[in-house]
S.K.: 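Mind looking over this structure? Questions follow.
As a basis for the values below, the full set of heavy atoms in this structure was taken, side chains included, without hydrogen atoms, waters or symmetry mates. Residue numbering restarts at 1 for every chain, and letters A, B, ... go by the order of the sequence lines. Computed from a predicted model, the values in this text were never measured in an experiment.
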2 protein chains.
Amino acid sequence: MRKQVLIFGLAGGVLVTLLQWTEFHFVVLEHSVAIYGVLIAILFAGTGIWLGTRLLAPRERIVEVSVPAAVPSFAKDEAARERLGITRRELEILELVARGLSNREIGETLFVSENTVKTHCSRAFDKLGARRRTEAVLRGKELGLLS
Amino acid sequence: MRKQVLIFGLAGGVLVTLLQWTEFHFVVLEHSVAIYGVLIAILFAGTGIWLGTRLLAPRERIVEVSVPAAVPSFAKDEAARERLGITRRELEILELVARGLSNREIGETLFVSENTVKTHCSRAFDKLGARRRTEAVLRGKELGLLS
DNA sequence: CAGCGCGTCATACTTTCGCATGATTTCTTC
DNA sequence: GAAGAAATCATGCGAAAGTATGACGCGCTG
């Protein structure tokens, strides 16, 4: 968090410097407004993107989780997940496994590589004491992880 | 990441053009730079947020609610089995698949070779329209084949 | 009896899984 | 600001799973 702020401030300083420099040297009066505009635009577009990713994305994620289930058993999943030390991402992938998707398809669905899916799967299987995906799905349902 | 940069640069170019155009045509009035700045800032902050949410966090989740009624258990299995043209042996193996057993374990359980299990599995998967055992289990439950 | 469905098995081949290991990055937390 | 958790990705390897094809025996049935 501090890192972003730092980089951000640094960029701002660079911009200011650059702006003054350019203005005082070769891009004088008539273009100054344009320059200012561009710089401000860049600055605020960056801020907007930053805000969008940092602040709005998590909210969207929460919506994803809470909307679909119609909320009969959400806290239960969470409790079971927590108890087993399974991360949210792992559970997410486990759910797709239970839907019969291959690792490749899961990767495409979640926009991550197949390798990543495999990693999550392995960890989840390990935590579930399962050695195959079918077994993992079964255990997941038994333990209240999956509906 | 590259995509965003590209779009970002594009937006920048568009802005420069637009800005110069507007400046030389109808907004040359004596508005202060600050007003331009604020307007552009607002505009691009919004754009940035839009970009951030649109491009950097494209996530969706499709969740369905399947309702497997588990009341009449045996006759229904038979009916579904018959309807799908699945033999008893195939269903038997499918049940063990759903229990998370490997082909080898199934073979040992039923005293047949692993190859035989594979054959039955392939045929059953084909009749279920499944390409993976996890998918087959899911379809089996949806169709009332498996409890 | 000839044909058919079913169960059994094999061989060969391709694809997918699962495991181990290590690296990088981001975020949180103390 | 150091440390840990979490997510991401890669590579390599062996083990499963899945596909295709052919074959054999058994029981039923027209």
S.K.: Taking the minimum atom-to-atom distance to the side chain of A/Phe125, which one of C/dA10, D/dA10, C/dC19 wins?
M.R.: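 The answer is C/dC19.
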
S.K.: What pairs with B/Ala124 under side-chain contact (heavy atoms from CB on, under 4.5 Å), at least two apart in sequence or on another chain?
M.R.: B/Glu90, B/Leu94

S.K.: Checking B/Thr119 against B/Ser122: is there a side-chain donor and acceptor pair closer than 3.5 Å?
M.R.: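 Not at all, the side chains of B/Ser122 and B/Thr119 share no donor-acceptor pair under 3.5 Å.
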
S.K.: Could you work out which one of D/dT19, C/dT11, D/dT8 sits closest to the side chain of B/Lys118?
M.R.: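 Closest nucleotide among those given: D/dT19.
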
S.K.: Both A/Thr116 and A/Gly85 contact DNA chain D. Taking the nearest nucleotide for each, which residue is further toward the 5' end?
M.R.: A/Gly85

S.K.: As a test of reading the structure: which of D/dA16, D/dA7, C/dT16 is closest to the side chain of A/His120, going by heavy atoms?
M.R.: D/dA7

S.K.: Is any side-chain N of the basic residue among A/Glu78 and A/Arg88 closer than 4.0 Å to the acidic one's carboxylate O?
M.R.: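 So A/Glu78 pairs with A/Arg88 through a salt bridge.
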
S.K.: If you check the A/Arg89 side chain, which of C/dA10, C/dT8, D/dT8 turns out closest?
M.R.: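 Closest nucleotide among those given: D/dT8.
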
S.K.: Where the side chain of A/Arg133 is defined as all heavy atoms beyond and including C-beta, which of C/dC17, C/dT8, D/dA16 is the nearest nucleotide?
M.R.: C/dC17

S.K.: Decide yes or no for A/Arg89 and A/Arg123: does some side-chain heavy atom of the first lie under 4.5 Å from some side-chain heavy atom of the second?
M.R.: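 Of all side-chain heavy-atom pairs linking A/Arg123 with A/Arg89, none is under 4.5 Å.
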
S.K.: Would you say D/dG18 has OP1 or OP2 under 4.0 Å from some side-chain N or O of B/Arg131?
M.R.: no

S.K.: Less than 4.5 Å apart, side chain to side chain, heavy atoms only: is that true for B/Ile86 and B/Leu128?
M.R.: yes

S.K.: Polar pairs (N or O, both sides) under 3.5 Å between protein and nucleotides 27-30 of chain D?
M.R.:
none

S.K.: So which protein nitrogen or oxygen atoms get under 3.5 Å of nucleotides 21-24 of chain D's nitrogens or oxygens?
M.R.:
none

S.K.: Nearest to the side chain of B/Ser113, which nucleotide is it out of C/dC9, C/dT8, D/dT19?
M.R.: C/dC9

S.K.: Could you check which of C/dC6, D/dT19, C/dT11 has an atom nearest any side-chain atom of B/Thr87?
M.R.: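 Nearest listed nucleotide: C/dC6.
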
S.K.: OP1 or OP2 of C/dT16 sitting under 4.0 Å from any side-chain N/O of A/Ser102?
M.R.: no

